[in-house]
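When a ligand or atom number is given, it counts from 1 through the structure's own listing order.
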Amino acid sequence: MTFSPRVFSGIKPSGDLHLGNYLGAIRRFVPLQDTHETIYCVVDMHAITVWQDPEDLKRWTYEIAAAYIAAGVDPKRSIIFNQSQVMEHAELSWIFNCVARMGWMARMTQFKDKAGENSEQVSLGLFAYPSLMAADILLYKATGVPVGEDQKQHLELTRDIAKKFNHDFKKQIKALGHKGDFFPITETLATGPAMRVKSLKDGSKKMSKSDASDLSTIYMMDDADLIAKKIKRATTDADALPSEAAGLAGRLEAENLVGIYAALSGQSVDEVLGQFGGQGWGVFKPALADLAVEKLAPIATEMKRLVADRGEMDKILRDGAERARAIAQPIMADVRNIVGFVR
Ligand code: TYM
């Protein structure tokens with residue numbers, strides 16, 4: 001069975017969008033529109049695996065959809081919608097809960113990080129989170145998923161679920177007239193610089209929506225002055241920049257800032273170092289601040305304009321959900337049939 005090239009990705013409305021979300025995911029959604037059918041989701045059902053204030057959840061849902069569009073995702077060419085509008089996500093995730101094994105979920109590092117010492121007190125949804133993520137992707141038989149590095153393990157699990165389903169129901173899949181696998185073995189699209197953007201204050205930690213230090217994270221809605229201030233105050237070592245990538249080994253903060261520059265400018269790390277090798281931070285940081293403002297400010301302006309028009313945003317999300325359902329429903333009808341549900 002050959003699967004047509006289709007991309008799915010999603011972002012959780014659980015905090016303000018930051019530079020890591022932009023470089024690891026959103027920026028890369030745009031060119032994929034030229035080569036793939038593209039589906040970009042706001043995964044509100046994932047967000048509620050930890051407590052979300054309902055008003056914040058709505059605000060962030062609009063903000064993420066607006067960020068997709070402001071960054072260059074075209075709501076006519078791509079499907080943009082929020083997950084809870086397409087109930088098949090929940091339905092397929094239940095079936096996957098019955099395919100996946102407890103041990104697979106318990107091994108997930110993101111679950112362990114989030115649950116911490118407190119694993120008896122977190123929601124059941126947080127434990128089953130990767131199963132819903134597999135459902136997001138496989139409901140559309142997506143062949144590729146652009147994400148940052150932190151999602152790689154979840155995508156391995158998605159492949160494990162697809163393989164087990166294809167194997168467990170081999171006979172029924174064949175009886176349905178399918179040649180080969182029912183679900184594709186989805187590829188993780190996570191190459192290039194800045195696939196793991198680090199905190200500006202600590203190069204061993206990833207930049208995240210929930211960092212205690214205000215200066216560690218650049219938010220997509222930050223204004224120009226704040227972006228420049230955060231970059232100027234970023235932690236660095238005292239050495240000059242090397243002239244090639246190998247010279248960044250063991251220099252976590254330097255590697256992070258150079259990676260951000262490369263991703264924002266569309267260059268390789270070696271190209272950036274070809275330009276800045278031998279220079280100190282006094283030269284590099286202002287150049288990075290200018291570049292970040294140049295790239296992020298127009299997106300923030302457009303995001304603000306879009307979120308102010310909720311009527312228009314609702315229309316886009318409803319239209320997206322309808323088009324998503326049109327793909328999902330026949331696939332889900334096959335799944336029910338394969339599993340043996342009577343209709
Ligand atoms: P979320 O909402 O945590 O993050 C959204 C996207 O941003 C990327 N990202 C980063 N990339 C580089 N550096 C960082 N510091 C950084 N922080 C976040 C993430 O890798 C992600 O691509 N489980 C997912 C949401 C999800 C999903 C899906 C993704 C649900 N279903 C199906 C793809 C396909 C998540 O929590 O992402």
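- Aromatic rings from Tyr129 and Phe111 are positioned such that their centres are separated by 6.0 Å or more.
- The hydrophobic side chain of Leu252 is isolated, with no ILVMFWY side chain under 4.5 Å apart from it.
- When only modelled atom types and interatomic distance are considered, Ser9 and Arg28 share no side-chain donor-acceptor pair under 3.5 Å.
- When side chains are defined from C-beta on, Tyr22 does not count as touching Leu17, because their heavy atoms never get closer than 4.5 Å.
- Aromatic rings of Phe284 and Tyr261 (six-membered ring for Trp) have centroids within the 6.0 Å cut-off, being under it.
- Within 4.0 Å of ligand 1, the residues that place a heavy atom are Phe8, Ser9, Gly10, Ile11, Lys12, His18, Gly20, Asn21, Gly24, Ala25, Val43, His46, Tyr129, Met133, Asp136, Ile137, Val145, Val147, Gly148, Asp150, Gln151, Ala194, Met195, Arg196, Val197, Met207, Lys209, listed by chain and number.
- Annotation: Phe81 is not in aromatic contact with Tyr68 [ring centroid separation under 6.0 Å not met].
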